[in-house]
There are 2 protein chains.
Amino acid sequence: MSQTDTVSRILDAAEVLFAERGFTETSLRTITTTAGVNLAAVNYHFGSKKELIQAVFERFLTPFTGALAAELDRRVAAGEALTVEGLLESLYRVGMGSLAEQGRDPQRFMRLLGLAYTQYQGHLRRFIVSRYGDSYRRFAGLLAQALPGLDPVTFYWRLYFMLGATIFTLSSYDAIEAILREDFGAPSSLPETLERLVPAAAAMLKVNSQ
Amino acid sequence: MSQTDTVSRILDAAEVLFAERGFTETSLRTITTTAGVNLAAVNYHFGSKKELIQAVFERFLTPFTGALAAELDRRVAAGEALTVEGLLESLYRVGMGSLAEQGRDPQRFMRLLGLAYTQYQGHLRRFIVSRYGDSYRRFAGLLAQALPGLDPVTFYWRLYFMLGATIFTLSSYDAIEAILREDFGAPSSLPETLERLVPAAAAMLKVNSQ
DNA sequence: GGCCATACTAAACAACCGTTTTAAATGTTG
DNA sequence: CAACATTTAAAACGGTTGTTTAGTATGGCC
């Protein structure tokens with residue numbers, strides 16, 4: 001078994017288990033037996049559990065922010081007008097696309113993002129902000145430009161409202177979808193849900209502005 | 001030290017520590033030393049850690065849902081027209097009021113609510129749904145009535161968007177407020193934030209309907 | 001083929017976890 | 001005051017945690 005095999009097997013198992021149960025609730029022994037590798041391999045390759053957690057986030061956030069930057073570059077270069085709806089669509093489409101093309105589950109990453117915000121892991125928040133803060137600020141800046149005349153403080157609060165609606169809903173997508181399917185017999189696919197989310201989030205951002 | 005003293009001292013400490021770090025990350029030893037009681041007191045009075053978690057939620061959800069029901073009764077009896085904004089205001093006002101009058105921190109409960117959704121604690125979700133599901137369904141029903149003509153599936157997705165925006169934002173209120181105060185020098189009080197949240201959430205619920 | 005860095009493994013480590021047990025203290029009731 | 005049930009206390013329980021150690025295997029390079 002080559003090194004990359006062991007490393008990525010650990011990352012694959014950790015990604016799934018962390019998203020399912022959280023970080024503290026997932027032991028290294030569960031991860032390594034799921035991955036079919038030795039317990040000590042985690043500390044050997046990653047150093048510690050904290051660094052493994054960061055590596056899991058790095059593996060999906062780096063391609064994601066890269067693809068988002070490319071998408072924004074493309075639209076800016078093409079001289080397209082960046083509307084609120086257009087920016088949200090870009091964000092969600094890149095989120096679905098850049099991960100789906102690796103054959104991995106987009107909503108698993110939403111769960112991980114939600115955990116990054118809610119779990120008690122100071123190192124994770126610091127890691128993400130220092131590594132991906134620029135991507136976040138660029139997107140926020142473009143979104144603010146699409147909402148001229150809006151008070152900055154109000155804009156940022158609404159940005160957090162929007163992030164909350166997105167992360168919260170998509171990270172519990174399976175559970176919510178199951179409830180609605182049982183109550184109304186109408187299944188909602190993830191793309192359909194995002195099509196519902198875009199206008200709703202845009203309306204929240206735009207209310208009483210312009 | 002009387003029994004009620006020990007019990008409520010444990011609940012007080014557990015409430016704060018759970019909200020800060022989550023359930024798994026908070027040990028019974030940390031709780032009991034913070035509360036100044038013996039370690040075994042938790043198992044003696046509550047049975048287990050799971051039941052302590054449920055007791056923490058029960059102590060704030062029961063007064064809250066009771067006050068919300070009274071508020072809704074009052075407005076229905078007065079024949080008031082229940083608008084989307086009015087219902088959201090009732091929800092938030094009761095949330096602030098019923099807890100603040102006990103001298104306890106409202107946003108701490110938002111953090112706990114957020115944890116109840118995101119943490120891996122099946123028993124908690126079951127406990128809350130079975131105990132407070134009726135309150136939730138009544139509020140959701142009144143909100144749906146205030147949005148006539150809206151497709152039920154779309155309504156429920158938007159309800160989750162709204163819950164996500166609320167719980168996510170308010171559970172991280174301290175952190176967000178600190179960032180905005182540093183960047184803009186403009187502090188935002190919790191009531192001010194809720195005044196921003198009501199129209200934003202209402203716009204999200206109402207877009208393209210009526 | 002010998003060498004060496006890299007990769008892996010099994011075993012043990014100390015620390016911490018929730019829970020239980022046993023005994024002492026306390027309060028209540030007849 | 002005596003008898004009882006309730007509450008508190010100290011100590012130990014078995015189990016799990018992340019991490020480390022020491023030794024073995026592996027694969028490329030001179």
Side-chain angles (χ1 to χ4, degrees), chain A residues 1-59 112 115-116 119-124 126-127, chain B residues 1-59 112 115-116 119-124 126-127:
Chain A
M1 194 184 296
S2 73
Q3 175 199 347
T4 51
D5 243 31
T6 301
V7 167
S8 61
R9 286 170 66 109
I10 292 174
L11 285 172
D12 287 343
E15 182 179 292
V16 172
L17 292 166
F18 284 155
E20 259 175 27
R21 339 182 172 189
F23 307 118
T24 318
E25 294 84 353
T26 304
S27 72
L28 294 184
R29 282 168 179 81
T30 309
I31 293 172
T32 50
T33 57
T34 302
V37 305
N38 186 272
L39 166 63
V42 169
N43 293 82
Y44 177 77
H45 286 291
F46 297 94
S48 67
K49 186 178 181 180
K50 282 186 183 181
E51 289 165 288
L52 169 62
I53 295 174
Q54 295 176 2
V56 167
F57 277 82
E58 187 171 23
R59 191 172 63 150
L112 289 173
L115 289 179
Q119 302 250 113
Y120 185 67
Q121 299 274 348
H123 69 97
L124 223 197
R126 267 176 273 127
F127 172 80
Chain B
M1 190 183 301
S2 74
Q3 176 198 346
T4 51
D5 243 29
T6 302
V7 167
S8 61
R9 286 170 64 108
I10 292 173
L11 286 172
D12 287 343
E15 183 180 291
V16 172
L17 291 165
F18 284 156
E20 258 176 27
R21 339 181 172 189
F23 307 118
T24 319
E25 294 82 354
T26 304
S27 72
L28 293 184
R29 281 168 179 82
T30 308
I31 293 173
T32 51
T33 57
T34 302
V37 304
N38 187 272
L39 167 63
V42 169
N43 291 83
Y44 176 77
H45 287 290
F46 298 94
S48 67
K49 187 178 180 180
K50 282 187 183 183
E51 289 166 287
L52 169 62
I53 295 174
Q54 295 175 3
V56 167
F57 277 82
E58 187 171 24
R59 190 171 65 149
L112 288 172
L115 289 179
Q119 301 250 112
Y120 185 67
Q121 299 272 349
H123 70 98
L124 224 197
R126 266 176 272 128
F127 172 79

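This is a predicted model, so every value here is computed, not measured. Letters A, B, ... mirror the listed sequences (proteins, then strands); counts begin at 1.
The backbone N or O of B:D12 lies less than 3.5 Å from no partner atom in the side chain of B:E15, so there is not a single donor-acceptor pair. Counting only distance, with no hydrogens or angles, the side chain of B:T30 and the backbone of B:T26 share no donor-acceptor pair below 3.5 Å.
Distance A:H123 NE2 to D:dG18 P: 12 Å, rounded to the nearest Å. The separation between A:D5 atom CG and C:dA7 atom C1' is 13 Å, rounded to whole Å. Atoms CG (B:N38) and C1' (C:dG18) sit 14 Å apart, rounded to a whole Å. Rounded to an integer number of Å, the gap from CD1 of A:I31 to C1' of D:dT19 is 14 Å. Distance OH (A:Y44) to P (D:dT21): 15 Å, rounded to an integer number of Å. Atom pair A:L39:CG and C:dC13:P shows a separation of 15 Å (rounding to whole Å applied).
For the pair A:H45 and C:dT6, the criterion of a side-chain N or O lying under 4.0 Å from OP1 or OP2 is not met.
Within residues 12-30 of chain A, the residues having any heavy atom under 4.0 Å from DNA chain D are, by residue number, A:T26, A:S27, A:L28, A:R29. Listed in residue order, the members of residues 46-55 of chain B having a heavy atom less than 4.0 Å from DNA chain C are B:S48, B:K49.
With sequence neighbours excluded, the residues forming a ring-ring contact (aromatic ring centres under 6.0 Å, His included) with A:F57 are A:F60, listed by chain and number.
The shortest non-hydrogen separation linking A:T24 to A:Q121 is OG1-NE2, 4.1 Å. Among all heavy-atom pairs drawn from B:T34 and B:A13, the shortest one is CG2-CB, 4.0 Å. Of all non-hydrogen atoms in B:A41 and B:T6, the two that sit nearest each other are CB-CG2, 4.2 Å.
For the side-chain contact (heavy atoms from CB on, under 4.5 Å) criterion with A:V37, the lone passing option out of A:V42, A:T32, A:I31 is A:T32. Here the options are A:F46, A:F127, A:F18, the test is side-chain contact (heavy atoms from CB on, under 4.5 Å), and the partner is A:I53; only A:F18 passes.
Nucleic acid contact for B:A41: none, since no nucleic acid atom lies under 4.0 Å from a heavy atom of the residue.
The nucleotide whose nearest atom lies closest to any side-chain atom of A:N43 is, among D:dT20, D:dA12, C:dC8, D:dT20. Comparing C:dA10, C:dC8, D:dT8 by their nearest atom to the side chain of A:T6 picks out C:dC8.
Taking 4.5 Å as the limit, every side-chain heavy atom of A:L39 sits out of range of all side-chain heavy atoms of A:T33.
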